[in-house]
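What follows is one structure encoded as C-alpha coordinates, with my remarks underneath.
The basis for the numbers below is simple: all heavy atoms, side chains too, and nothing from hydrogens, waters or symmetry mates.
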Amino acid sequence: MRSNPSRRNPDFLCEFHNDHGHKIADCRLLQGEVEHLLKQGYLTDLFSENGKQSYMKNKQDPLKPPSPKRTVNVISGGEEVNGVTYTAAKKTSKVTVTHGKRVRQVLEEDNITFNDADADGLIIPHNDALVISLLVHDTNVKRFLIDPGSSVNIILLRVVNEMQADDKMVPKAHTLSGFDNSRVITKGEIVLTIFAEGVVKDTKFQVIDMDMTYNMILGRPWIHDIDDVPSTLDQIIKFPSQWGIRQIREDQHASKNINSVADSSTVNDDANKK
(Lines give C-alpha, C1' and ligand atoms only; values in the text may rest on other atoms or scores of the structure.)
Protein backbone atom coordinates (compact mmCIF):
# COMPACT_ATOMS: atom_id res chain seq x y z
CA MET A 1 0.00 0.00 0.00
CA ARG A 2 3.07 2.23 -0.05
CA SER A 3 3.05 2.29 -3.85
CA ASN A 4 1.50 5.00 -6.01
CA PRO A 5 -2.34 4.53 -5.84
CA SER A 6 -2.68 5.46 -9.52
CA ARG A 7 -0.52 2.48 -10.50
CA ARG A 8 -2.43 -0.13 -8.51
CA ASN A 9 -5.03 -2.41 -10.06
CA PRO A 10 -8.42 -0.76 -9.33
CA ASP A 11 -10.23 -4.10 -9.85
CA PHE A 12 -8.65 -5.63 -6.73
CA LEU A 13 -9.92 -4.62 -3.29
CA CYS A 14 -8.33 -5.54 0.04
CA GLU A 15 -10.91 -5.32 2.82
CA PHE A 16 -8.12 -5.55 5.40
CA HIS A 17 -6.45 -2.37 4.13
CA ASN A 18 -9.75 -0.89 2.91
CA ASP A 19 -7.96 0.08 -0.29
CA HIS A 20 -7.42 -1.20 -3.82
CA GLY A 21 -4.34 -2.78 -5.36
CA HIS A 22 -4.52 -6.46 -4.39
CA LYS A 23 -7.00 -9.11 -3.29
CA ILE A 24 -7.47 -9.79 0.40
CA ALA A 25 -6.58 -13.45 -0.26
CA ASP A 26 -3.15 -12.25 -1.44
CA CYS A 27 -2.58 -9.79 1.43
CA ARG A 28 0.75 -10.75 3.02
CA LEU A 29 0.30 -8.34 5.91
CA LEU A 30 -3.02 -9.95 6.82
CA GLN A 31 -1.46 -13.40 6.55
CA GLY A 32 1.28 -12.29 8.91
CA GLU A 33 -1.24 -10.88 11.40
CA VAL A 34 -3.28 -14.11 11.34
CA GLU A 35 -0.15 -16.24 11.83
CA HIS A 36 0.90 -14.02 14.75
CA LEU A 37 -2.51 -14.40 16.41
CA LEU A 38 -2.52 -18.17 15.84
CA LYS A 39 0.87 -18.48 17.53
CA GLN A 40 -0.65 -16.71 20.56
CA GLY A 41 -3.55 -19.18 20.63
CA TYR A 42 -6.27 -16.95 19.12
CA LEU A 43 -8.65 -17.66 16.19
CA THR A 44 -8.46 -21.45 16.57
CA ASP A 45 -12.20 -21.55 17.34
CA LEU A 46 -12.80 -20.44 13.74
CA PHE A 47 -11.28 -23.62 12.32
CA SER A 48 -13.36 -26.48 10.97
CA GLU A 49 -12.70 -29.81 12.70
CA ASN A 50 -10.40 -30.93 9.87
CA GLY A 51 -8.67 -27.56 9.84
CA LYS A 52 -8.10 -27.67 13.60
CA GLN A 53 -6.58 -31.16 13.39
CA SER A 54 -4.30 -30.07 10.56
CA TYR A 55 -3.24 -26.94 12.47
CA MET A 56 -2.50 -28.84 15.68
CA LYS A 57 -0.47 -31.39 13.73
CA ASN A 58 1.69 -28.65 12.18
CA LYS A 59 1.92 -26.87 15.54
CA GLN A 60 3.59 -29.81 17.25
CA ASP A 61 6.90 -29.23 18.95
CA PRO A 62 10.14 -29.75 17.00
CA LEU A 63 11.21 -33.37 16.70
CA LYS A 64 13.74 -34.35 19.33
CA PRO A 65 16.82 -35.96 17.78
CA PRO A 66 17.72 -39.48 18.88
CA SER A 67 20.43 -39.89 21.51
CA PRO A 68 23.84 -40.16 19.82
CA LYS A 69 25.57 -43.53 20.10
CA ARG A 70 29.04 -42.05 19.70
CA THR A 71 30.92 -38.79 19.18
CA VAL A 72 33.47 -37.82 16.53
CA ASN A 73 35.83 -35.44 18.33
CA VAL A 74 38.18 -32.69 17.18
CA ILE A 75 41.01 -33.56 14.81
CA SER A 76 44.25 -31.58 14.76
CA GLY A 77 45.85 -29.71 11.88
CA GLY A 78 45.99 -26.39 10.05
CA GLU A 79 48.58 -23.63 10.11
CA GLU A 80 46.68 -20.62 8.78
CA VAL A 81 45.22 -17.78 10.85
CA ASN A 82 43.14 -19.24 13.70
CA GLY A 83 43.90 -22.71 12.39
CA VAL A 84 41.88 -22.44 9.18
CA THR A 85 43.33 -24.51 6.35
CA TYR A 86 41.76 -22.90 3.33
CA THR A 87 43.17 -25.36 0.78
CA ALA A 88 41.41 -28.27 2.46
CA ALA A 89 38.21 -26.36 3.00
CA LYS A 90 37.52 -24.86 -0.41
CA LYS A 91 36.32 -27.61 -2.73
CA THR A 92 34.29 -27.47 -5.91
CA SER A 93 32.81 -30.29 -7.94
CA LYS A 94 32.24 -31.07 -11.60
CA VAL A 95 29.01 -32.84 -10.67
CA THR A 96 25.86 -30.87 -11.45
CA VAL A 97 22.66 -31.48 -9.49
CA THR A 98 19.38 -29.96 -10.70
CA HIS A 99 16.73 -29.12 -8.12
CA GLY A 100 13.04 -28.48 -8.59
CA LYS A 101 11.35 -25.12 -8.00
CA ARG A 102 11.66 -23.98 -4.40
CA VAL A 103 8.90 -22.19 -2.50
CA ARG A 104 9.87 -20.13 0.52
CA GLN A 105 7.22 -19.71 3.19
CA VAL A 106 8.85 -17.22 5.53
CA LEU A 107 6.49 -14.43 6.60
CA GLU A 108 7.62 -10.86 7.08
CA GLU A 109 7.69 -11.24 10.86
CA ASP A 110 10.09 -14.18 10.47
CA ASN A 111 12.67 -12.40 8.34
CA ILE A 112 16.22 -13.50 9.11
CA THR A 113 18.28 -10.63 10.51
CA PHE A 114 21.52 -10.22 12.46
CA ASN A 115 22.19 -7.62 15.13
CA ASP A 116 24.72 -6.73 17.82
CA ALA A 117 23.16 -9.21 20.24
CA ASP A 118 24.19 -12.07 17.95
CA ALA A 119 27.85 -11.22 18.57
CA ASP A 120 27.57 -11.25 22.37
CA GLY A 121 30.34 -13.32 23.92
CA LEU A 122 32.50 -13.45 20.80
CA ILE A 123 36.22 -12.82 20.88
CA ILE A 124 36.58 -9.75 18.64
CA PRO A 125 38.23 -9.05 16.29
CA HIS A 126 38.39 -12.45 14.62
CA ASN A 127 38.55 -14.10 11.21
CA ASP A 128 37.36 -17.52 12.33
CA ALA A 129 35.68 -19.95 9.99
CA LEU A 130 32.12 -20.95 10.90
CA VAL A 131 32.49 -24.35 12.57
CA ILE A 132 29.67 -26.08 14.45
CA SER A 133 28.67 -29.46 15.90
CA LEU A 134 25.70 -31.44 14.60
CA LEU A 135 24.00 -34.77 15.15
CA VAL A 136 24.45 -36.86 12.00
CA HIS A 137 22.84 -40.29 11.66
CA ASP A 138 23.34 -41.50 15.25
CA THR A 139 26.61 -39.69 15.94
CA ASN A 140 27.42 -36.30 17.44
CA VAL A 141 30.01 -34.86 15.04
CA LYS A 142 32.23 -31.93 15.94
CA ARG A 143 34.32 -29.72 13.63
CA PHE A 144 31.62 -29.21 10.95
CA LEU A 145 32.73 -26.45 8.54
CA ILE A 146 29.90 -24.36 7.05
CA ASP A 147 31.39 -23.42 3.69
CA PRO A 148 29.36 -21.46 1.09
CA GLY A 149 32.41 -21.77 -1.17
CA SER A 150 31.96 -25.52 -1.56
CA SER A 151 29.58 -26.88 -4.19
CA VAL A 152 29.43 -30.30 -2.48
CA ASN A 153 29.08 -31.68 1.02
CA ILE A 154 32.20 -33.56 2.08
CA ILE A 155 32.88 -36.23 4.69
CA LEU A 156 36.13 -38.04 5.48
CA LEU A 157 36.27 -41.79 4.93
CA ARG A 158 37.71 -42.05 8.44
CA VAL A 159 34.59 -40.40 9.85
CA VAL A 160 32.30 -42.76 7.89
CA ASN A 161 34.16 -45.70 9.42
CA GLU A 162 34.00 -44.21 12.92
CA MET A 163 30.25 -43.64 12.53
CA GLN A 164 29.92 -47.31 11.56
CA ALA A 165 28.02 -46.23 8.46
CA ASP A 166 30.16 -48.08 5.91
CA ASP A 167 27.16 -50.05 4.65
CA LYS A 168 25.47 -46.81 3.55
CA MET A 169 28.31 -45.74 1.26
CA VAL A 170 27.94 -46.27 -2.48
CA PRO A 171 31.29 -46.58 -4.32
CA LYS A 172 31.44 -43.82 -6.91
CA ALA A 173 34.38 -41.79 -8.17
CA HIS A 174 34.07 -38.05 -8.80
CA THR A 175 36.82 -35.51 -9.29
CA LEU A 176 36.77 -32.60 -6.84
CA SER A 177 38.80 -29.56 -7.81
CA GLY A 178 40.27 -27.11 -5.30
CA PHE A 179 40.76 -23.40 -5.97
CA ASP A 180 44.47 -24.13 -6.59
CA ASN A 181 43.55 -26.69 -9.32
CA SER A 182 44.43 -29.62 -7.04
CA ARG A 183 42.42 -32.79 -7.67
CA VAL A 184 40.86 -35.27 -5.26
CA ILE A 185 39.13 -38.46 -6.40
CA THR A 186 36.21 -39.39 -4.17
CA LYS A 187 35.79 -42.86 -2.72
CA GLY A 188 32.01 -42.80 -2.97
CA GLU A 189 28.77 -41.13 -1.93
CA ILE A 190 26.75 -41.50 1.23
CA VAL A 191 23.36 -40.14 2.33
CA LEU A 192 23.16 -39.34 6.04
CA THR A 193 20.40 -37.73 8.11
CA ILE A 194 21.29 -34.38 9.69
CA PHE A 195 19.36 -33.11 12.72
CA ALA A 196 19.49 -29.31 13.05
CA GLU A 197 17.23 -27.71 15.68
CA GLY A 198 14.17 -29.73 14.71
CA VAL A 199 14.87 -29.58 10.96
CA VAL A 200 15.70 -33.07 9.68
CA LYS A 201 17.31 -33.50 6.26
CA ASP A 202 18.74 -36.48 4.39
CA THR A 203 21.97 -35.08 2.97
CA LYS A 204 24.30 -36.46 0.31
CA PHE A 205 28.04 -36.34 1.05
CA GLN A 206 31.06 -36.99 -1.16
CA VAL A 207 33.46 -39.32 0.67
CA ILE A 208 37.19 -38.52 0.48
CA ASP A 209 40.18 -40.34 1.99
CA MET A 210 42.61 -37.67 3.17
CA ASP A 211 43.61 -35.62 6.18
CA MET A 212 42.06 -32.19 6.70
CA THR A 213 41.19 -29.84 9.52
CA TYR A 214 37.47 -30.65 9.54
CA ASN A 215 35.50 -33.86 9.97
CA MET A 216 32.84 -32.73 7.49
CA ILE A 217 32.14 -29.78 5.20
CA LEU A 218 28.60 -28.59 4.58
CA GLY A 219 28.54 -26.69 1.30
CA ARG A 220 25.92 -24.94 -0.78
CA PRO A 221 23.72 -28.06 -1.34
CA TRP A 222 22.86 -28.24 2.38
CA ILE A 223 22.91 -24.47 2.91
CA HIS A 224 20.43 -23.93 0.07
CA ASP A 225 18.32 -26.96 0.98
CA ILE A 226 17.35 -25.56 4.37
CA ASP A 227 17.45 -21.86 3.32
CA ASP A 228 20.35 -21.39 5.74
CA VAL A 229 21.87 -17.91 6.18
CA PRO A 230 25.37 -18.20 7.69
CA SER A 231 27.26 -15.32 9.29
CA THR A 232 30.96 -15.89 9.88
CA LEU A 233 31.16 -12.45 11.50
CA ASP A 234 28.56 -13.34 14.14
CA GLN A 235 29.62 -17.01 14.20
CA ILE A 236 26.04 -18.20 13.80
CA ILE A 237 23.72 -19.72 11.21
CA LYS A 238 19.98 -19.01 11.02
CA PHE A 239 17.29 -20.77 9.00
CA PRO A 240 13.48 -20.84 8.81
CA SER A 241 11.34 -23.66 10.14
CA GLN A 242 7.68 -24.27 10.93
CA TRP A 243 8.51 -23.18 14.49
CA GLY A 244 10.03 -19.87 13.41
CA ILE A 245 13.64 -18.89 12.85
CA ARG A 246 16.09 -21.42 14.32
CA GLN A 247 19.77 -20.83 14.92
CA ILE A 248 22.98 -22.73 15.63
CA ARG A 249 25.94 -20.94 17.23
CA GLU A 250 29.57 -21.96 16.97
CA ASP A 251 31.73 -22.64 20.00
CA GLN A 252 34.39 -20.10 19.13
CA HIS A 253 36.73 -21.21 21.89
CA ALA A 254 36.76 -24.75 20.48
CA SER A 255 37.40 -23.36 17.01
CA LYS A 256 40.43 -21.38 18.16
CA ASN A 257 41.79 -24.53 19.80
CA ILE A 258 42.00 -26.29 16.46
CA ASN A 259 45.72 -26.97 16.66
CA SER A 260 45.50 -28.68 20.03
CA VAL A 261 46.35 -32.35 20.23
CA ALA A 262 43.34 -34.56 19.52
CA ASP A 263 42.14 -37.27 21.86
CA SER A 264 44.01 -40.55 21.64
CA SER A 265 40.65 -41.94 20.54
CA THR A 266 38.65 -39.73 18.17
CA VAL A 267 35.48 -41.67 18.81
CA ASN A 268 33.61 -42.02 22.08
CA ASP A 269 31.09 -44.83 21.84
CA ASP A 270 28.39 -43.52 24.20
CA ALA A 271 26.41 -46.72 23.81
CA ASN A 272 29.22 -48.75 25.40
CA LYS A 273 29.26 -46.49 28.45
CA LYS A 274 25.70 -47.33 29.43
Side-chain angles (χ1 to χ4, degrees), residues 61-78 83 85 88-89 91 129-147 150 152-172 176 184 186-223 225-226 228 230 235-237 239 241 246-255 257-258 260-274:
D61 293 333
L63 294 176
K64 292 183 178 180
S67 300
K69 295 181 179 179
R70 64 193 69 84
T71 295
V72 177
N73 283 318
V74 177
I75 57 176
S76 61
T85 304
K91 299 292 180 181
L130 183 50
V131 183
I132 63 175
S133 299
L134 283 175
L135 180 65
V136 183
H137 186 42
D138 58 2
T139 303
N140 184 29
V141 182
K142 301 181 180 180
R143 303 281 328 141
F144 242 117
L145 175 67
I146 305 299
D147 184 12
S150 177
V152 292
N153 304 309
I154 296 173
I155 184 173
L156 297 180
L157 178 60
R158 171 187 62 77
V159 176
V160 173
N161 294 334
E162 291 172 353
M163 294 175 68
Q164 301 178 17
D166 318 58
D167 57 330
K168 293 180 174 292
M169 190 175 82
V170 178
K172 189 174 294 186
L176 303 181
V184 176
T186 65
K187 295 295 183 180
E189 294 179 347
I190 188 170
V191 176
L192 298 170
T193 303
I194 294 181
F195 301 86
E197 294 297 316
V199 177
V200 182
K201 287 288 183 183
D202 289 337
T203 304
K204 180 186 291 186
F205 289 88
Q206 301 298 321
V207 183
I208 61 174
D209 186 11
M210 62 180 293
D211 291 327
M212 67 179 185
T213 308
Y214 309 101
N215 286 316
M216 295 183 182
I217 295 177
L218 283 175
R220 293 191 298 274
W222 183 80
I223 292 173
D225 195 25
I226 70 167
D228 170 27
Q235 293 289 282
I236 193 173
I237 65 175
F239 48 92
S241 76
R246 313 294 279 183
Q247 65 181 37
I248 300 175
R249 183 177 293 278
E250 182 207 19
D251 182 351
Q252 190 185 28
H253 296 282
S255 177
N257 199 31
I258 189 173
S260 63
V261 178
D263 269 334
S264 57
S265 173
T266 57
V267 175
N268 295 328
D269 195 335
D270 296 332
N272 292 334
K273 296 179 180 179
K274 298 180 179 179

Side chains of [X] and [Y] in contact at under 4.5 Å (non-hydrogen atoms):
X    : Y    : result
D166 : N161 : yes
T186 : V152 : no
I154 : M212 : yes
S241 : I226 : no
V131 : K142 : no

If I take atom [atom1] from residue [X] and atom [atom2] from residue [Y], how far apart are they, to the nearest 0.5 angstrom?
X    : Y    : atom1 : atom2 : result
F144 : I132 : CZ    : CD1   : 7.0 Å
N215 : L156 : CG    : CG    : 6.5 Å
M216 : I194 : CE    : CD1   : 7.0 Å
T71  : M163 : OG1   : CE    : 10.5 Å
K69  : H137 : NZ    : NE2   : 7.0 Å
I236 : I146 : CD1   : CD1   : 12.0 Å

Dump the intermediate steps for side-chain contact (heavy atoms from CB on, under 4.5 Å) on I155 and V136, then the final yes or no.
-> CA-CA 11 Å; I155 184 173; V136 183; 6.0 Å; no

With sequence neighbours excluded, residues passing side-chain contact (heavy atoms from CB on, under 4.5 Å) with D202 =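 Only V191, T193 meet the side-chain contact (heavy atoms from CB on, under 4.5 Å) criterion with D202.
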
Test salt bridge (charged side-chain N to carboxylate O under 4.0 Å, His left out) applied to D228 - qualifying residues, sequence neighbours left out =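 Not a single residue meets the salt bridge (charged side-chain N to carboxylate O under 4.0 Å, His left out) criterion with D228.
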
Which heavy atom in [X] sits nearest to a heavy atom in [Y], and how many Å separate them?
X    : Y    : result
M169 : K187 : CE-O, 4.3 Å
P221 : S150 : CD-O, 4.1 Å
K204 : N153 : O-ND2, 3.1 Å

Can you say whether the rings of W222 and F239 are parallel (under 30°), tilted (30 to 60°) or perpendicular (over 60°)?
-> perpendicular

Of V159, V72, T213, which is the lone residue that meets side-chain contact (heavy atoms from CB on, under 4.5 Å) with R143?
->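 Between R143 and the candidates, side-chain contact (heavy atoms from CB on, under 4.5 Å) is satisfied uniquely by T213.
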
Sole residue of V141, N140, L218, T139 in side-chain contact (heavy atoms from CB on, under 4.5 Å) with L134 =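 Among the candidates, only L218 passes.
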
